[in-house]
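Notes for the one structure printed next.
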There are 2 protein chains.
Amino acid sequence: MVDEPLRKGEATQARILDAAYSLFMEQGYHGTSMRQIVERAGVTTGGVYNHFASKEEIWVAVFLERHPYRAILPLLREVDSGTLEEYVHSAAQRLVGELNKQQDLLHIMFIELVEFNGAHIPQLFERIAPELRPLVDLLDAHVGELRPIAPPLLARTFLGFFFSYYITEAMMPPAVRALMGDGALDAFVDIYLHGVVAGGEGRGAKDLFTT
Amino acid sequence: MVDEPLRKGEATQARILDAAYSLFMEQGYHGTSMRQIVERAGVTTGGVYNHFASKEEIWVAVFLERHPYRAILPLLREVDSGTLEEYVHSAAQRLVGELNKQQDLLHIMFIELVEFNGAHIPQLFERIAPELRPLVDLLDAHVGELRPIAPPLLARTFLGFFFSYYITEAMMPPAVRALMGDGALDAFVDIYLHGVVAGGEGRGAKDLFTT
DNA sequence: CCTACCGATCGGTAGG
DNA sequence: CCTACCGATCGGTAGG
């Protein structure tokens, strides 16, 4: 069943999706015309409507099927977990590597937020939810080493800490980036870990909403 | 000089900027037409070009003059600095308050990144740079309480930690947000502080690129 | 009768 | 700052 050659219609649909994805990442949704999509996909203006009812339907398909989580979740599962510190460092390393390979993976979220006001995000979460189990389990295995933070909050801050690296990277002009050196990612990871792992005693070790 | 009534041309220009700003925030740049802007501003299709040479010039003006830093920097300077912890908690509180009042302030950065690939960001940094002195001084005053982190990196992680709260907020569907409770911001602040303040000893206290 | 698609063009609107 | 338009292009659809 796997690796069977695509049926003709499926191959065409995949070409349309590829073309639309790359154009949306370069120019945004409204900045990309149907003409550009059909041209890059090698189909005719009319032909595309045999596969998608509208331009927005194409976006929805791109958003759900090319979303970063498709690349990120398998990657996070592959990381072999030693200590928590090793896991987080290694996971961050891989995530940044993957997103540098595909520079524009974050753009997909920004386009959804800017040009659709997040209208399709609930749909995305429904798709992702069932795939999160293994990560939740992994988190549970290390929960003893962590400060008492409610799991949803912990997941959110982990995702957020990673965004924080990536978005500040995207926002800096090259001249400012030069000031950072190239160990910035390690610093982000280290600060985050220092922030969430139990240090034994001292200030800041208060209970954090273990609701 | 201040509070003098606007000259006629300036008032018109301000109306165009207001109209464009609100429309860009609602629909993005390419999703907004010049027709919509002139209608909301109450000027004619041709008239707008007496004030701005092109649609992109309007964006540049909006980007440089309505950028969040215009609201955020004064706000950060006003916070009365007791301990570092108090300062960061209080600053975070105010930032989130301000951005909730103006829900779309982050959109401006996303639009710039998505629809212009950050082409105007260097211009923005040139404007901001001179206004950063007071904040750098404030940072210096507390540097003894912090882990050894290079100042540019520290500034970047502070900005990033704040983005991380805000962007995960924007990305969550309401159903997921409900799981977080309403103390999420305090948790973000606490994790960040725990991550950057010197704890005395222990793991993670290694030197972080004090280049 | 199906699917996947063609060349041509629809009514409206884009930035200028 | 207006009215009146331009060349071109927009997303989507016609019959075959």
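Chain naming here is simple, since letters A, B, ... match the order of the sequence lines and numbering starts at 1 in each. Source: prediction; values computed, not measured.
- In this structure, OH of A/Y49 is placed 18 Å from P of C/dT9, rounded to the nearest angstrom.
- Rounded to whole Å, atom P of D/dG12 lies 15 Å from atom CD of A/Q36.
- One interatomic measurement links the two molecules: NE2 of B/H51 to P of C/dG15, which rounds to 18 Å at whole-angstrom precision.
- Among C/dC5, D/dT3, D/dT13, the nucleotide with an atom closest to any side-chain atom of B/T44 is D/dT3.
- Counting to the nearest Å, the P atom of D/dG11 and the CD atom of A/E57 are 15 Å from each other.
- Taking the P atom of each, C/dG12 and D/dA8 are spaced 22 Å apart, rounded to whole Å.
- Between B/I37 atom CD1 and C/dT13 atom P there is a gap of 17 Å when expressed in whole angstrom units.
- With contacts defined as side-chain heavy-atom distances shorter than 4.5 Å, the pair A/E169/A/M180 does not qualify.
- Summary of the strand contacts: A/T45 and B/V48 both lie near DNA chain D, and taking for each the nucleotide with the nearest heavy atom, the more 5' one is attributed to B/V48.
- Which of D/dC2, C/dG16, C/dA4 sits closest to the side chain of A/N50 comes down to C/dA4.
- Residue contacts for B/S54: at a heavy-atom cut-off of 4.0 Å it reaches the sugar-phosphate backbone alone, with no base atom in range.
- Rounded to whole Å, atom P of D/dA8 lies 23 Å from atom CE of A/M34.
- The side chain of A/T12 approaches C/dA4 more closely than any other nucleotide in the set C/dA4, D/dG11, D/dG12.
- A/R35 has its CZ atom 14 Å from the P atom of C/dA8, to the nearest Å.
- Across the C1' atoms, D/dT9 and C/dG11 are found 13 Å apart, a figure rounded to whole Å.
- A/F116 and A/Y29 have their aromatic ring centers within a separation under 6.0 angstrom.
- A/E39 has its CD atom 13 Å from the C1' atom of D/dT9, to the nearest Å.
- A donor-acceptor pair is defined here as one N or O able to donate and one able to accept, closer than 3.5 Å; no such pair exists between the side chain of B/Y69 and the backbone of B/F125.
- A salt bridge is absent between B/R70 and B/E131; no separation between the charged side-chain nitrogens and carboxylate oxygens falls under 4.0 Å.
- Note on ring orientation: taking the six-membered ring where Trp is involved, the planes of B/F161 and B/Y192 are parallel (angle under 30°, cut-offs 30° and 60°).
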